[in-house]
Undergrad: 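Got a structure here, written out as structure tokens. Questions coming.
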Amino acid sequence: QKQDHLSTVGDHETSEDTMATHQKLIASPIVLQNAIKQLPAQYRVDLVGVPIHKWVETIAKGLSARVTRKTNFIDVSYRSKHPEAAAAVVRAVINSYWKCVEEKHRATTGETLQSYLQKSEDLKLKLAQKQSQLLKFTEKVGYLTANADDKATEPLVQRALRLNDALLDVQERRLELQATLSAVDA
């Protein structure tokens, strides 16, 4: 099966797992505590007469977060004594949830960035070391060149080849001059 076709069963399970995690996060104590802090006093009608240490539990009892089947949607609702209070609690819970997710993503992004920056510095250091090694090697040995057969040639052999080319040029020139001399003498 090609990768650009429908998602596999494994992908679907991963999506379901992710949605279940987010569903639990919406009803988590940290999200509910922050939602209660944001909730204006006039919408705390369900918390009147309830000890502060029981507020999260009280909100959690009235809160419902359900994943809509085969989607990436979570249906959040709240049962309250007053409809305006229910709407305000849902808004506060959703805002608190988004802040929590945003903070988590920001922290993860920061960690990832730090990791990439550290890897970049490590690579720069390795590159500098390799460049230093290359410089020392070329000072010691000289440059390698490739001949017509795409084979590397050692510097000492390169020098011998250049001397041989020069010798051949000189011998060819000597033969030309010798022929000219023979022509003039004749």
Side-chain angles (χ1 to χ4, degrees), residues 1-139 144:
Q1 179 177 352
K2 293 181 180 176
Q3 289 190 349
D4 60 346
H5 283 93
L6 296 173
S7 62
T8 64
V9 173
D11 293 341
H12 184 63
E13 289 173 1
T14 302
S15 176
E16 287 178 359
D17 292 345
T18 301
M19 293 310 294
T21 299
H22 285 276
Q23 177 183 4
K24 289 176 185 172
L25 181 60
I26 287 172
S28 70
I30 190 75
V31 168
L32 297 181
Q33 285 172 351
N34 289 331
I36 292 168
K37 288 178 188 175
Q38 304 175 27
L39 192 62
Q42 74 253 28
Y43 297 121
R44 293 183 182 182
V45 293
D46 300 316
L47 302 176
V48 173
V50 177
I52 292 176
H53 69 277
K54 297 268 187 181
W55 282 8
V56 170
E57 183 181 327
T58 302
I59 296 290
K61 285 179 184 176
L63 187 69
S64 170
R66 294 185 321 260
V67 176
T68 305
R69 192 173 142 92
K70 296 191 180 202
T71 69
N72 287 336
F73 295 110
I74 300 175
D75 180 31
V76 180
S77 60
Y78 181 74
R79 287 191 163 279
S80 176
K81 297 174 185 173
H82 298 288
E84 296 87 14
V89 169
V90 168
R91 272 192 305 273
V93 168
I94 290 172
N95 287 337
S96 177
Y97 160 77
W98 278 116
K99 282 184 180 177
C100 183
V101 169
E102 185 178 281
E103 287 172 8
K104 177 66 176 163
H105 282 289
R106 190 176 297 127
T108 302
T109 302
E111 291 169 4
T112 303
L113 177 61
Q114 283 303 111
S115 173
Y116 285 144
L117 289 173
Q118 183 60 46
K119 287 178 183 176
S120 173
E121 289 301 316
D122 292 347
L123 288 173
K124 284 180 185 176
L125 180 62
K126 286 181 182 177
L127 178 61
Q129 290 171 344
K130 292 296 180 186
Q131 286 174 331
S132 175
Q133 289 174 349
L134 178 61
L135 183 62
K136 287 177 185 174
F137 179 76
T138 54
E139 287 173 355
L144 295 178

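Note that these values count all heavy atoms, side chains included, but never hydrogens, waters or copies made by symmetry.
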Undergrad: With a 3.5 Å cut-off and no angle check, do the side chains of Asp122 and Gln118 form a donor-acceptor pair?
TA: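 A pair is found: one side chain offers a donor N or O, the other an acceptor, under 3.5 Å apart.
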Undergrad: Under a 3.5 Å distance rule, please check whether Thr109 uses its side chain to pair with a backbone N or O of His105 as donor and acceptor.
TA: yes
Undergrad: Working to the nearest 0.5 angstrom, can you tell me the gap between His82 NE2 and Gln42 CD?
TA: 11.5 Å
Undergrad: Which value, rounded to the nearest 0.5 Å, describes the distance between Tyr116 atom OH and Thr112 atom OG1?
TA: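 It is 6.5 Å, given to the nearest 0.5 Å.
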Undergrad: Could you report the tightest heavy-atom contact between Val45 and Lys81, atom names first, then the distance?
TA: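 Looking at all heavy atoms of both residues, the shortest contact is O-NZ, 3.9 Å.
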Undergrad: Within a strict 4.5 Å, meaning less than it, do heavy atoms of the Asn34 and Lys99 side chains meet?
TA: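 With C-beta onward as the side chain, the pair stays apart.
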Undergrad: Can you name the nearest heavy-atom pair linking Leu32 to Ala60, along with the distance?
TA: CD1-CB, 3.7 Å
Undergrad: Can you name the nearest heavy-atom pair linking His22 to Tyr97, along with the distance?
TA: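 Closest approach of His22 to Tyr97, heavy atoms only: ND1-OH, 2.7 Å.
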Undergrad: So, the side chain of Arg44 versus the backbone of Ile36: is there a donor-acceptor pair under 3.5 Å, distance only?
TA: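 Flag set: sc Arg44 to bb Ile36 pair under 3.5 Å.
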Undergrad: Do you know the tightest heavy-atom contact between Tyr78 and Ala86?
TA: O-CB, 3.3 Å
Undergrad: Give the minimum heavy-atom separation between Leu25 and Cys100, together with the two atoms involved.
TA: CD1-SG, 3.9 Å
Undergrad: Can you see which heavy atom on Arg79 is nearest to which on Asp46, and at what distance?
TA: O-OD2, 4.2 Å
Undergrad: Keeping Thr108 on the side-chain end and Lys104 on the backbone end, is there a donor-acceptor pair under 3.5 Å?
TA: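 Confirmed, Thr108 side chain pairs with Lys104 backbone.
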Undergrad: Is the shortest distance from a Lys or Arg side-chain nitrogen in Glu102 or Arg106 to a carboxylate oxygen in the other one below 4.0 Å?
TA: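 Salt bridge flag = yes for Arg106 with Glu102.
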Undergrad: Closer than 4.0 angstrom, basic N to acidic O: yes or no for Lys124 and Glu121?
TA: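 So Lys124 pairs with Glu121 through a salt bridge.
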Undergrad: Starting from the C-alpha separation in whole Å, work towards a yes-or-no answer on side-chain contact (heavy atoms from CB on, under 4.5 Å) for Val50 and Trp55.
TA: CA-CA 7 Å; Val50 177; Trp55 282 8; 3.8 Å; yes
Undergrad: Okay, side chain of Ser96, backbone of Ala92: is any donor-acceptor separation there less than 3.5 Å?
TA: no
Undergrad: Nearest 0.5 angstrom please: Arg91 CZ to Gln38 CD, how far?
TA: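 Reported to 0.5 Å precision, the distance equals 11.0 Å.
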Undergrad: To the nearest 0.5 Å, what is the distance between CD1 on Ile26 and CG on Leu63?
TA: 8.0 Å
